[in-house]
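A note on names: the letters A, B, ... follow the listed sequences, proteins ahead of strands, and every chain is numbered from 1.
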Amino acid sequence: MPALTRKEVEEIALLARLHLGEDELARMETELGAILEHFSSIAAVSTEGVAPMTHAVPIECPLRSDDVVTWTDAEQGLAGAPKREGDLIVVPAVIGGGE
Amino acid sequence: MTELAELLELWEPVIGLEVHVQLATRSKAFSPAGVVFGAPPNSLVDPTVLGLPGSLPVFNQAALALALKLGVATGSQIRAKSRFARKHYFYPDQPKNYQISQYDEPLCENGHLDVIIGGAVKRIKLTRIHLEEDAGKLTHVGAMSHVDLNRSGVPLVEVVSAPELTSSEEAAEFMRSLHRLVRWLEISEADMEKGQLRCDANVSVRLRGEDRLGTRTELKNINSFRFVQNAIDHEIARQLRLIDGGGRVERETRLWDADAGQSAPMRSKEEANDYRYFPDPDLPVLVVDGPTMGGILRAQPELPAARFQRYQEDIGLSADDARTMIGERALAEYFDATCKAHGMLKSGRTIANWILTELLGALNKAGKGIAESPMPPERLAALVRLVEDGTISGKIGKEVFEEAFAKGEEPGAIVERRGVQQISDEATLAAVVEEVVAASPKQTAEYQGGKDSLFGYFVGQVMKKTQGRANPVITTDLLKKRLGR
């Protein structure tokens with residue numbers, strides 16, 4: 001398994017919206033590389049004929065009935081927003097993103 | 001510069017649509033917060049919607065049932081086991097920084113939508129229909145944005161068509177057909193003004209005869225039937241001009257500005273397309289069992305495209321009338337119920353005329369929908385029969401209709417009470433004709449002298465004397481005989 005390149009570390013940092021300094025980038029390159037290397041040992045195990053598994057416990061998705069429950073602590077939940085205007089949360093404009 | 005029409009002879013537009021449809025549930029996809037349009041901002045939230053630590057999503061059974069209805073109605077392959085995935089992006093419309101969606105194992109694949117184009121039905125392949133949650137709504141105000149998370153977590157299906165549409169008209173008809181279908185199946189209100197049905201389009205052009213697809217652009221924010229058509233037309237023209245000028249289409253996302261009537265590239269966000277999908281560890285595999293599928297299959301009504309064809313082929317309605325009749329499921333069902341109560345297939349067109357002109361007109365005037373019609377199908381069928389068997393004339397029929405509509409009375413009873421039965425007895429009518437001719441010596445002489453236009457005068461006189469009850473066919477016959485021309 002090739003070690004992580006500096007460029008890959010920078011890309012991952014960007015995706016995670018982390019601003020890393022030069023020394024941090026260097027440290028991450030080594031540390032993330034070591035983690036990846038550790039996990040690469042899994043690749044040595046033969047998985048032929050084994051279906052991919054995404055959950056450790058084989059359970060089905062539980063379903064809930066379509067009933068409304070009003071949360072009484074909404075105000076408390078929204079209190080964590082850095083800035084508000086009336087009922088609305090206010091954030092710096094980021095045009096052109098989202099779905 | 002080459003004319004656009006000339007370029008279109010060489011180049012073929014290829015369009016694929018991605019349509020988001022909100023599912024009409026009472027509560028959200030993964031938590032019991034309510035779904036209400038127009039509620040006070042941020043009132044429909046809970047720990048799951050806000051992505052607070054410790055909250056866990058539990059999927060809404062009703063959302064699954066609605067999505068399955070659409071899957072079945074589009075002939076899709078439905079996965080017995082599908083999977084939820086996290087789609088990661090950072091944007092304030094989704095506080096947990098990912099959207100729960102489906103990725104490599106969607107609920108439905110390889111279906112089709114029957115799109116009504118003109119008088120025909122064109123079957124467009126649907127690549128997939130997957131479940132996901134809606135994001136919150138951002139309103140940009142200067143340098144700041146206002147966030148309302150009421151929409152966040154509302155269940156959606158994303159319907160993805162194959163790139164098989166070849167014009168903006170076809171794309172708009174695809175939207176109309178999908179809109180009609182989801183309303184028909186009561187999957188969604190699909191009110192576009194409320195954002196309950198939203199559309200993105202992938203547009204490319206290729207030389208006619210070429211199999212490979214050209215580079216596509218994605219148009220976002222085309223949320224009305226008209227915008228779909230305008231935005232796509234505009235994009236096809238932009239791409240053709242670009243190519244004609246020696247340029248190349250870049251793969252990009254463009255935002256449609258309906259007010260300006262043009263699109264502009266969205267600011268490209270570096271790496272923005274790396275959504276790092278992975279299976280959501282909070283949501284185990286979604287299982288659809290046999291009994292659930294059986295229930296949905298059994299409950300499926302006759303679909304609009306099938307009715308559209310049946311109305312044309314079996315009943316002989318024009319394409320326009322058939323399209324109007326399937327505009328709403330309740331209207332189509334009213335029509336079918338009236339035909340059934342009447343019993344004669346060949347009267348379908350007559351019945352359709354009564355519904356489309358008299359009934360819809362009266363309902364419109366009264367500000368009522370077809371479901372609130374004070375005239376039940378059986379009563380309309382009875383009225384149509386009274387006209388067909390000659391008991392009353394078509395003109396009187398309209399009066400009886402109005403009275404039956406206003407008072408909720410049986411047409412037969414109205415005819416009896418008002419004594420407006422048509423007079424078809426020849427002897428009775430001959431006597432009236434005799435009277436009219438005797439009273440109009442001048443007109444008789446002129447008519448017999450060649451003034452054909454006077455014939456209407458005689459018919460009018462007979463109608464006047466019989467309060468409009470004279471059978472017009474017999475009256476015409478008798479008058480012609482009596483006047484000798």
Side-chain angles (χ1 to χ4, degrees), chain A residues 4-20 32 36 39 42 51-99, chain B residues 25-27 31-35 40-47 49-50 52 58-64 81 83-84 87-94 99 135 138-149 253 255 266-272 274 276 278-279 281 283-287:
Chain A
L4 217 55
T5 66
R6 170 65 66 100
K7 195 164 170 291
E8 284 169 321
V9 176
E10 285 170 358
E11 277 172 16
I12 293 163
L14 178 67
L15 285 171
R17 301 296 188 269
L18 292 174
H19 296 285
L20 300 181
L32 286 176
L36 277 181
F39 273 90
I42 292 172
M53 183 180 85
T54 48
H55 288 92
V57 192
I59 54 164
E60 294 178 7
C61 197
L63 298 173
R64 39 171 280 271
S65 61
D66 185 22
D67 300 318
V68 176
V69 179
T70 305
W71 192 37
T72 48
D73 288 331
E75 182 48 42
Q76 200 193 338
L78 294 165
K83 196 174 173 203
R84 289 170 67 187
E85 210 176 286
D87 295 330
L88 293 157
I89 299 166
V90 179
V91 297
V94 193
I95 312 261
E99 285 306 289
Chain B
T25 55
R26 289 187 291 271
S27 66
S31 68
V35 176
N42 294 311
S43 61
L44 307 173
V45 296
D46 62 18
V49 171
L50 294 178
L52 297 181
V58 185
F59 191 48
N60 186 338
Q61 199 165 24
L64 176 61
K81 291 179 177 181
R83 209 176 289 284
F84 288 110
K87 177 183 182 179
H88 297 84
Y89 66 91
F90 290 96
Y91 198 60
D93 63 2
Q94 196 63 274
Q99 175 190 29
L138 261 63
T139 313
H140 303 299
V141 185
M144 306 304 277
S145 292
H146 288 167
V147 187
D148 176 6
L149 296 173
T253 301
L255 198 64
M266 283 170 78
R267 194 170 63 188
S268 104
K269 294 167 297 165
E270 275 179 282
E271 312 297 331
D274 190 343
R276 290 151 291 148
F278 65 70
L283 289 155
V285 61
L286 179 64
V287 174

Of the non-hydrogen atoms in [X] and [Y], which two are nearest, and what is the gap between them?
| X | Y | answer |
| --- | --- | --- |
| A:A93 | B:H140 | CB-ND1, 4.4 Å |
| B:A33 | A:V68 | C-CG1, 4.4 Å |
| B:N60 | A:R64 | CB-NH1, 3.5 Å |
| B:F59 | A:C61 | CB-SG, 4.3 Å |

Of B:V35, B:L64, B:T25, which meets side-chain contact (heavy atoms from CB on, under 4.5 Å) against A:D66?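 With A:D66 as partner, side-chain contact (heavy atoms from CB on, under 4.5 Å) holds for just one option, B:T25.
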For B:V147, which of A:V91, A:V90, A:L88 qualifies under side-chain contact (heavy atoms from CB on, under 4.5 Å)?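 Between B:V147 and the candidates, side-chain contact (heavy atoms from CB on, under 4.5 Å) is satisfied uniquely by A:V91.
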Quick check: do B:P284 and A:E60 have side-chain heavy atoms less than 4.5 Å from each other?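 They are not in contact (no side-chain heavy atoms under 4.5 Å apart), so the answer is no.
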Is there a side-chain contact between B:M144 and A:K83 in this structure, where contact means two heavy atoms from C-beta onward sitting under 4.5 Å apart?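 Touching, per the 4.5 Å side-chain cut-off.
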At what distance, to the nearest 0.5 angstrom, does CG of B:L138 lie from CD1 of A:I89? 9.5 Å
Nearest 0.5 Å, please: how far is CG in A:D73 from CG in B:D46?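 Those atoms lie 11.0 Å apart.
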Part of [X] within contact of chain A (heavy atom distance under 4.5 Å):
| X | value |
| --- | --- |
| B:S31 | backbone |
| B:L50 | side chain |
| B:L44 | neither |
| B:L52 | side chain |

Which of B:A143, B:G34, B:A62 touches chain A most, by non-hydrogen pairs under 4.5 Å: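 Going by pairs under 4.5 Å, I would pick B:A143.
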Distance-only, no hydrogens or angles: does the B:N42 side chain make a donor-acceptor pair with backbone N or O of A:D87 under 3.5 Å?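 Side chain of B:N42 to backbone of A:D87, a donor-acceptor pair under 3.5 Å: yes, one is there.
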